[in-house]
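Lettering follows sequence order; numbering is per chain, from 1.
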2 protein chains.
Amino acid sequence: MRYQIEFRHFRYFLAVAETLHFRKAADILFISQPGLSRQIKQLEENLGVKLFERHNRKVKLTQVGLYLQREINTNFKQLEAIINHAKLLNDGIDGNLRLGYVGSAMQQLIPDLLLKFKGTHPNILINLKEIDNKQQIEALLNQNIDIGFIRQERVPIGINVKPIYEETFSLVLPKNHKINKTNFKSLSQFKNEHFILFDASYSESYYEKIMQIFDDSGFSPIISHSTINASSIYRLVENNFGVSIVPTSLKYGFDLKIKFIELVEIPQRTTLKIVWNNKNTNPVLKNFIEIIRFLN
Amino acid sequence: MRYQIEFRHFRYFLAVAETLHFRKAADILFISQPGLSRQIKQLEENLGVKLFERHNRKVKLTQVGLYLQREINTNFKQLEAIINHAKLLNDGIDGNLRLGYVGSAMQQLIPDLLLKFKGTHPNILINLKEIDNKQQIEALLNQNIDIGFIRQERVPIGINVKPIYEETFSLVLPKNHKINKTNFKSLSQFKNEHFILFDASYSESYYEKIMQIFDDSGFSPIISHSTINASSIYRLVENNFGVSIVPTSLKYGFDLKIKFIELVEIPQRTTLKIVWNNKNTNPVLKNFIEIIRFLN
DNA sequence: ATAATTGATAATTATGAGGTATCAAATAGA
DNA sequence: TCTATTTGATACCTCATAATTATCAATTAT
């Protein structure tokens with residue numbers, strides 16, 4: 001117990017816990033393998049806890065090691081956030097907020113929200129990143145973003161959800177398509193058309209919902225293309241590669257030879273939700289959620 | 001920026017922030033004042049943030065310094081808690097223990113054991129699962145449970161066994177059966193009765209032992225039903241579907257129209273054993289086995 | 001059998017934390 | 001005004017120890 005534990009020990013520990021390989025971890029840390037071994041040993045001695053099982057040619061985390069990896073990781077993320085925030089404070093900025101969003105949220109909602117937030121909190125630095133649903137959850141858990149905008153039903157525990165905008169779906173057709181708002185009866189009129197849809201990887205639950213729409217209409221769609229980007233969908237529709245179904249709000253802001261038919265009769269709706277990690281201690285996050293609360 | 005920040009820097013920072021006096025802080029930290037000054041300077045340079053205003057003969061925290069003091073303080077508290085918890089986990093004082101057991105062990109033994117263990121280790125979370133002998137071995141090998149309670153002679157290598165309770169068998173008869181404790185002579189009196197027994201799949205070696213009892217008595221039983229549950233056996237016996245033989249301890253805790261005759265004369269005994277995987281490193285397991293050691 | 005992999009150990013080096021001495025600036029007291 | 005005192009910063013030095021190199025021991029792959 002004569003050595004003080006330092007960050008170094010935990011930095012090294014995390015690297016070994018990550019790679020489960022002393023030599024590789026040493027390379028990543030730009031130190032030699034024996035040096036790394038010694039520091040890990042020191043940490044283990046100081047804590048009085050065995051962190052790794054070294055057998056044969058395999059390194060394994062012990063139960064306690066596993067626990068420490070998780071906890072130290074989030075603790076370090078928090079510390080990092082504290083330091084970043086301190087730097088921003090120093091620059092006269094009151095904090096920052098890292099947003100992730102699916103493309104379809106940028107349509108109208110995020111600009112509106114940010115404008116409102118900037119009004120009350122002018123010195124907040126906002127970072128925006130377009131990421132898909134699944135990766136947003138990942139980023140939230142790792143505290144790489146503070147808040148996400150997703151279209152997905154289920155989220156892991158530890159993630160808070162607040163629905164903020166529910167909307168209908170709309171059919172997307174080429175402008176010259178024979179079906180229009182007046183002669184449109186039901187989706188089954190499109191059973192022989194090719195469909196261009198958001199990829200299942202975009203969000204499983206979103207995809208399921210779309211499939212349910214087809215189920216309810218009594219046919220399986222021919223899916224000719226899938227993408228993760230509204231604008232590519234529209235390009236394809238415009239050029240007669242097929243038709244599509246998208247959240248209604250996505251119809252604004254494009255000037256293409258396509259038309260939309262809102263599907264108000266079907267029961268399915270899609271909900272844009274904001275999500276955040278309840279372990280996140282960023283003070284700006286609290287304020288942002290406060291703003292959201294007064295939306296509906 | 002060529003120095004890495006270490007805990008030291010924050011420890012020193014907190015001491016100065018607390019005392020607002022470099023010399024006093026240095027005394028508290030058992031280092032010299034110039035050494036302290038230098039570390040604080042390093043921290044400030046590394047963060048790119050001024051933490052203290054040194055004017056006249058007074059030291060004052062800057063806004064950012066104030067923020068950091070609060071945040072680092074709570075962050076360090078959290079880290080401390082993490083480390084303490086890790087130590088508890090390591091000592092098996094906190095954590096969880098997953099038990100598997102055959103129904104007949106729940107009769108008296110497991111409640112007693114758990115009560116005793118809970119007394120010395122109140123913070124351990126215990127998961128209980130009723131599983132048959134064979135599946136317990138499987139679960140131990142896969143480390144899906146930490147400890148098992150079985151009635152089975154042979155176990156694979158890698159599994160440790162400790163017998164904890166040896167007992168006689170008892171006949172189970174309907175209350176109105178003509179044989180009772182006084183006119184009972186030997187098992188051969190039942191050669192024409194139907195028997196209801198634990199299924200062979202429950203445990204092969206247990207089944208073999210029962211068969212041996214019949215062998216010794218010179219007859220093969222007529223087996224009319226087999227089940228894996230003491231309570232169903234008793235229901236069947238109560239309704240005159242046949243008679244049975246069970247471990248004696250199973251007679252407690254039922255209120256049915258049945259009676260028991262303990263077979264003390266025959267040599268066969270059944271032994272409840274605890275079993276665990278010797279590769280299992282769950283520290284709680286060690287402590288549990290320790291408790292067991294003082295049982296007999 | 002030989003070579004490759006991988007973590008631990010031993011001996012050595014060199015970085016930088018901490019020590020001593022001292023300074024500079026400011027203040028208090030005469 | 002002239003000390004004496006307080007207090008953080010600087011300069012220089014020492015030594016503890018982190019990191020390196022070289023090597024080993026054990027295992028596994030060829």
Side-chain donor/acceptor of [X] to backbone N/O of [Y], under 3.5 Å:
{"X": "B:Glu53", "Y": "B:Lys60", "result": "no"}
{"X": "B:Lys209", "Y": "B:Arg269", "result": "yes"}
{"X": "B:Gln135", "Y": "B:Gly100", "result": "no"}
{"X": "A:Asn133", "Y": "A:Arg151", "result": "yes"}

Check whether any side-chain nitrogen or oxygen of [X] sits under 4.0 Å from OP1 or OP2 of [N], and answer yes or no.
{"X": "A:Lys58", "N": "C:dT5", "answer": "no"}
{"X": "B:Arg54", "N": "D:dT7", "answer": "no"}
{"X": "B:Ser37", "N": "D:dA9", "answer": "yes"}

(message) I'd like to know if A:Gln39 reaches the base of D:dA19 with its side chain such that a donor and an acceptor end up less than 3.5 angstrom apart.
(response)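 In this structure, the two groups form no donor-acceptor pair.
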
query = Looking only at N and O atoms, is any donor in the side chain of A:Arg38 or the base of D:dA19 less than 3.5 Å from an acceptor on the other one?
reply =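 Such a pair exists between side chain and base.
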
Determine to 10° how strongly the helix from C:dA1-D:dT30 to C:dA30-D:dT1 is bent, judged from the axes of its five-pair ends.
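The helix from C:dA1-D:dT30 to C:dA30-D:dT1 shows an end-to-end axis angle of 20°.
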
Check: NA contact type, A:Phe30, heavy-atom cut-off 4.0 Å: base, sugar-phosphate, or nothing?
Finding: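 Here A:Phe30 touches the backbone only, sparing every base.
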
Q.
Looking only at the side chain of A:Ile31 (C-beta and beyond, no hydrogens), which of the listed nucleotides D:dA19, C:dT20, C:dG7 gets closest?
A.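 Among the listed nucleotides, the one closest to the side chain of A:Ile31 is D:dA19.
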
Practice task
With sequence neighbours excluded, tell me which residues meet side chain to side chain contact (heavy atoms under 4.5 Å, CB included) with B:His9.
Solution key: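 Listed in chain order: B:Ile5, B:Glu6, B:Gln39, B:Gln42, B:Leu43.
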
Gap between atoms [atom1] and [atom2], on [X] and [N] respectively (whole Å):
{"X": "A:His55", "N": "D:dA26", "atom1": "NE2", "atom2": "P", "answer": "17 Å"}
{"X": "A:Leu43", "N": "D:dA18", "atom1": "CG", "atom2": "P", "answer": "13 Å"}
{"X": "B:Asp27", "N": "D:dG8", "atom1": "CG", "atom2": "P", "answer": "11 Å"}
{"X": "A:Lys50", "N": "C:dG7", "atom1": "NZ", "atom2": "P", "answer": "15 Å"}
{"X": "A:Glu44", "N": "C:dG7", "atom1": "CD", "atom2": "P", "answer": "13 Å"}
{"X": "A:Glu45", "N": "C:dA8", "atom1": "CD", "atom2": "P", "answer": "12 Å"}
{"X": "A:Glu53", "N": "C:dT6", "atom1": "CD", "atom2": "P", "answer": "18 Å"}
{"X": "B:Gln33", "N": "C:dA21", "atom1": "CD", "atom2": "P", "answer": "14 Å"}

Practice task
Using a cut-off of 6.0 Å, state whether more than 12 heavy atoms not belonging to B:Gln63 lie near its atom CD.
Solution key: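 No.
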
Got a sec? Which of residues 5-24 of chain A come in under 4.0 Å of DNA chain C, heavy atoms?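 Here the set is A:His21, A:Phe22, A:Arg23.
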
query = Considering heavy-atom distances to DNA chain C, does B:Pro34 or A:Val59 have its closest nucleotide positioned more toward the 5' end?
reply =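 The answer here is A:Val59.
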
Inset, instruction - Determine the interplanar angle of the A:Phe76 and A:Phe10 rings, folded into 0 to 90°, and report it as parallel if under 30°, tilted if 30 to 60°, perpendicular if over 60°. - result: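 Aromatic pair A:Phe76/A:Phe10 classed perpendicular.
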
Next item on the list: Kindly compute the distance separating CG (A:Leu285) from CD1 (A:Ile289), expressed to the nearest 0.5 Å.
Entry: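 The CG atom of A:Leu285 sits 4.0 Å away from the CD1 atom of A:Ile289.
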
* Between CG of A:Asn96 and NZ of A:Lys87, what distance do you get to the nearest 0.5 Å? ->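 If we round to the nearest 0.5 Å, A:Asn96:CG and A:Lys87:NZ are 12.0 Å apart.
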
_When you compare the side chains of A:His85 and A:Asn282, does any donor N or O come within less than 3.5 Å of an acceptor on the partner?_
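Per modelled atom types, A:His85 and A:Asn282 side chains form no pair under 3.5 Å.
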
